[in-house]
Number of protein chains: 2
Amino acid sequence: MPNAFVDKIRSYVPLTPEDVLILTAACENVRKVPARYDLIREGDKPESVFVVLEGWACRYKILPEGGRQIVAFLIPGDFCDMHVSVLDEMDHSIATLTSARIAMISHREIEALIDSRPSITKAFWRTQLVDEGVLRAWIVSMGRRDAHQRVAHLLCELYVRLRVIGLAVNGRCEIPLTQIVLADSLGLTPVHVNRVLRRLREAGAMTNEGGKLVIVNVEQLANIAGFDDNYLHRKLRRVA
Amino acid sequence: MPNAFVDKIRSYVPLTPEDVLILTAACENVRKVPARYDLIREGDKPESVFVVLEGWACRYKILPEGGRQIVAFLIPGDFCDMHVSVLDEMDHSIATLTSARIAMISHREIEALIDSRPSITKAFWRTQLVDEGVLRAWIVSMGRRDAHQRVAHLLCELYVRLRVIGLAVNGRCEIPLTQIVLADSLGLTPVHVNRVLRRLREAGAMTNEGGKLVIVNVEQLANIAGFDDNYLHRKLRRVA
DNA sequence: CGCGTTTTTGAAGCCCCTCAAGTGTAGTGG
DNA sequence: CCACTACACTTGAGGGGCTTCAAAAACGCG
């Protein structure tokens, strides 16, 4: 049975069959969750670590005036805050964007993994550093790129991340995000996102099929965005 | 002899006298560095962990078109990327903003600390989670706050962080950043930062003394920014 | 004292927002 | 099978916040 979490960890470090068994066992507590469901809210005391096995989720913050800012997208294999138990409460919320399968791992199990499995611990560190790199890249985008570059850059990031987990092939992948969600993550309005997407569509970089956004030409998006994949520590093009 | 690094760690967890000795010893390799000096550049292979003992530094990225985006400020006590050795190369650069004293700790020493000192390890985790919280807060600011709120929010963040290390008292502190640096961190132009600062000055929230920006009324800034200190896991007002 | 950098101020313009209305499209229930 | 509803998407018109360009004043450092 495929497990996105195991696959992700394996993409960072080699795993022994025993490692795989232990990781798989850690994911036994699985919940099916509908779209737009809050897994945890700002202010809550975290009780366990979430692992996305299937579907999409996001971290977000709500502002006093009511606006929402998404600060990260979580795709299959992603997990959150293995050390978060050392802080009192969440400083942001996490919600699903599509229906999803979520594994919940207790802190005790996570710490047991960290204490007993050096290679898994190393993989955890790597994922954390990559996540921070993504946060920094978002800041760069919001600070110094215009709307077109910004949209294109996000799509490139998502493409690379999806390709790693086998959900993108030949410069093509599906992204189940509404224009409203995109706007909330990019610091734009849905109206403007709509106009930007239209131009990207007209340029032949993407299409809109069945309510989903489909990337059909990453190269072009990368050109528009000035995308450099170094911060993901993965390559946009698979090296031969 | 005071050590900002030890003080910061101590602000997160209780330290035994032995812990203090070990941390102090780890900082023996100190360099004096002038302002605007690159400690490490994007693409470099990191060789050690930097700790800011005195002065200010920043993480930044240069865009293809030449613009600079600052993605984090480092103040005394801050250190960077204890696990960074697990990645091949830096995805951003780090430079001083003022003249500074920087301690350099080898990865071997860091890992020895992590392996042998549980309380210090816990403090490292906390600092990392707080740093991530700051990155997310920056994204929220850039995405959903206008220029006035954005400037005010950054000043509030810096105030809280400075207060923790004893560099702010009674709602007042000095910030040695030029308007150009502020602009590069906020995703604005220096011209507009100037206009925003003028209004904050006229409102009595801050002043400009001797080339330094001085916060004189944090409460007011917090009101303008809609500042919520939860993400720093420290209080804006010291609790009685 | 002189020079480079930062700060300041003005004027014009554009990118993106706001407001508004209309068009799909999927799911629901009669 | 077709209203009916709830969203998301689309498109237009007008406005405002921030940028760009330009130039002068003030500062700080050798």
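Sequence lines set the chain letters: A, B, ... in the order given, protein chains first and strands last, and positions in each chain run from 1.
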How many whole angstroms separate atom [atom1] of [X] from atom [atom2] of [N]?
X: B:I180; N: D:dT19; atom1: CD1; atom2: P; result: 14 Å
X: A:L177; N: D:dC7; atom1: CG; atom2: P; result: 19 Å
X: B:L200; N: C:dT7; atom1: CG; atom2: P; result: 15 Å
X: A:N208; N: C:dT23; atom1: CG; atom2: C1'; result: 15 Å
X: B:R199; N: C:dT8; atom1: CZ; atom2: P; result: 15 Å
X: A:N194; N: D:dA13; atom1: CG; atom2: C1'; result: 16 Å
X: B:Q149; N: D:dG17; atom1: CD; atom2: P; result: 12 Å
X: B:M142; N: D:dC18; atom1: CE; atom2: P; result: 12 Å

**Prompt:** Contact class for B:L188 (heavy atom, under 4.0 Å): base, sugar-phosphate, or nothing?
**Reply:**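 Touches sugar-phosphate only.
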**Asked** If you look at every strand shown and take non-hydrogen atoms under 4.0 Å, does B:G210 touch a base, only sugar-phosphate, or nothing?
**Response** sugar-phosphate
Please check the phosphate of [N] (OP1 and OP2 only) for any side-chain N or O of [X] closer than 4.0 Å.
X: A:Q179; N: D:dT10; answer: yes
X: A:T189; N: C:dC17; answer: yes
X: B:R201; N: C:dT8; answer: yes

**NZ/B:K45: more than 12 non-hydrogen atoms of other groups inside 6.0 Å** =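 Yes.
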Taking the side chain of [X] as heavy atoms from C-beta outward, which of [options] is closest to it?
X: A:H192; options: C:dC17, D:dC9, C:dT8; result: C:dC17
X: B:R36; options: D:dT20, D:dC9, C:dT6; result: C:dT6
X: B:R198; options: D:dC18, C:dC19, C:dT9; result: C:dT9

**Prompt:** What are the two closest non-hydrogen atoms of B:Y231 and B:A137, and how far apart are they?
**Reply:**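 Residues B:Y231 and B:A137, closest heavy atoms: CE1-CB, 3.4 Å.
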Looking at [X] and [Y], does any basic side-chain N land under 4.0 Å from a carboxylate oxygen?
X: A:D184; Y: B:R144; answer: yes
X: B:R136; Y: A:E42; answer: no
X: A:R234; Y: A:D229; answer: no

**Request:** Let me know, please, whether A:V181 or A:R144 comes out on the 5' side of the other along DNA chain D by nearest nucleotide.
**Result:**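 Going by which nucleotide is closer to the 5' end, it is A:V181.
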**Asked** When the nearest nucleotide of DNA chain C is assigned to B:P190 and to A:R150 on a heavy-atom basis, which residue is associated with the more 5' position?
**Response**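 It is B:P190 whose nearest nucleotide is closer to the 5' end.
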**Item:** Side chain B:R195 and base D:dG17 donor-acceptor under 3.5 Å
**Value:** no
